[in-house]
Number of protein chains: 2
Amino acid sequence: MVQGEIPLTDISLDSTFEKYELKFKAIADKKRLQIMNILTQKGAMCVCDLAPLVDMAQSKLSYHLKILLDANIITKETRGTWSYYELNHKVLNHLLSPELCCLFKPTC
Amino acid sequence: MVQGEIPLTDISLDSTFEKYELKFKAIADKKRLQIMNILTQKGAMCVCDLAPLVDMAQSKLSYHLKILLDANIITKETRGTWSYYELNHKVLNHLLSPELCCLFKPTC
DNA sequence: GCATTAAATCAAAAAAAGTTGATTTAATAG
DNA sequence: CTATTAAATCAACTTTTTTTGATTTAATGC
């Protein structure tokens, strides 16, 4: 492509699509939606307390939490030996319809 | 599990999560988001006209369109030898935030 | 009928995502 | 310092998804 003809709009759309691919991939999983739902009910939780609730081995759960964390769907706060994970409502509200967001609000 | 102790709520949540897994998986892909964006601009399109725009072989494009169609993100109407695909705005509006839906509206 | 075009489908291969059990890192308590 | 617990990471493996090129199905025009 000749200089000066770079389609700036397409490039930014492309990185927009990449951004949402990451986020939608993170929530495009039954188990991760279940994790999100439990975090909705319980607020912040550590891996060791979450594992029995979702019936997952620790390493598997850490793997799924990392995917949600990398997509900014959840946040992490480490206190001592524990890591507490929590839903990132701001990002979810930006992403999902109000109707769907209700799935991730304790009051709905 | 003993009869009568079936957790109805969890079962329905489970099928809810499965439903959204399918839908989010469909849109959790850069190429499919690009297809959706082009359908936003152009309205209904047939495979043969869409293929060069997204720079994809016919079989590959048909594969991705089928995934979007199965998730009800797009609709299909066959006229003669042609199949016209179109965005399903109703489903998208239910799924995505108004902010995000703008990505898939020609007027935004 | 035959040739042409559109699009779906198929099977094999490649790539990506998820699972498993073990190991590592790091904080805490004794 | 040692033992214990929490959680991340790793490597091998399995499963799922995507890609590719070829084939099939079906509609149209001659």
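In this structure, the side chain of A:N93 engages the main chain of A:H89 through a donor-acceptor pair within 3.5 Å. The main-chain N or O of B:I67 is never found under 3.5 Å from a side-chain atom of B:R32 such that the two would form a donor-acceptor pair. Side-chain atoms of B:S97 come within 3.5 Å of backbone atoms of A:H94 as a donor-acceptor pair (strictly under, hydrogens ignored). With B:D49 contributing its side chain and B:M45 its backbone, the two residues share no donor-acceptor pair below 3.5 Å. Judged by distance alone, the side chain of B:E21 and the main-chain N or O of A:K30 form a donor-acceptor pair under 3.5 Å.
Atom CG in A:D70 sits about 14 Å away from atom C1' in C:dA17, given to the nearest Å. What separates CE of A:M45 from P of D:dA7 is a distance of 10 Å, to the nearest Å. Spacing between atom CG of B:L22 and atom P of D:dT16 amounts to 15 Å, rounded to whole angstrom units. Look at CG on A:L50: it is 10 Å from P on D:dA7, rounded to the nearest Å. Rounded to a whole Å, the CG atom of A:L69 is 12 Å from the C1' atom of D:dA8. Atom CD in A:E21 sits about 12 Å away from atom C1' in C:dA17, given to the nearest Å. If you take CG of A:L61 and C1' of D:dA8, they are 12 Å apart, rounded to a whole angstrom. The NZ-P distance, from A:K30 to D:dT15, rounds to 17 Å in whole Å.
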- prompt: Can you give one letter per nucleotide of nucleotides 18-30 of chain D, going 5' to 3': B for a protein heavy atom under 4.0 Å from the base, S for sugar-phosphate only, - for none?
  reply: BBBBB----SS--
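Contact annotation: A:S62 does not reach the phosphate of D:dA7 (side-chain N/O to OP1 or OP2, under 4.0 Å). Contact check, A:K66 against D:dA7: no side-chain N or O comes under 4.0 Å of OP1 or OP2.
Partners of A:N88 by side-chain contact (heavy atoms from CB on, under 4.5 Å), not counting sequence neighbours, listed by chain and number: A:N72, A:T75, A:K90, A:V91. Partners of A:S83 according to the side-chain hydrogen bond (donor to acceptor under 3.5 Å, both in side chains) rule, which considers only residues two or more places apart in sequence or in another chain, are A:T78.
Across all strands shown, B:Y84 has no heavy atoms under 4.0 Å from either base or sugar-phosphate atoms.
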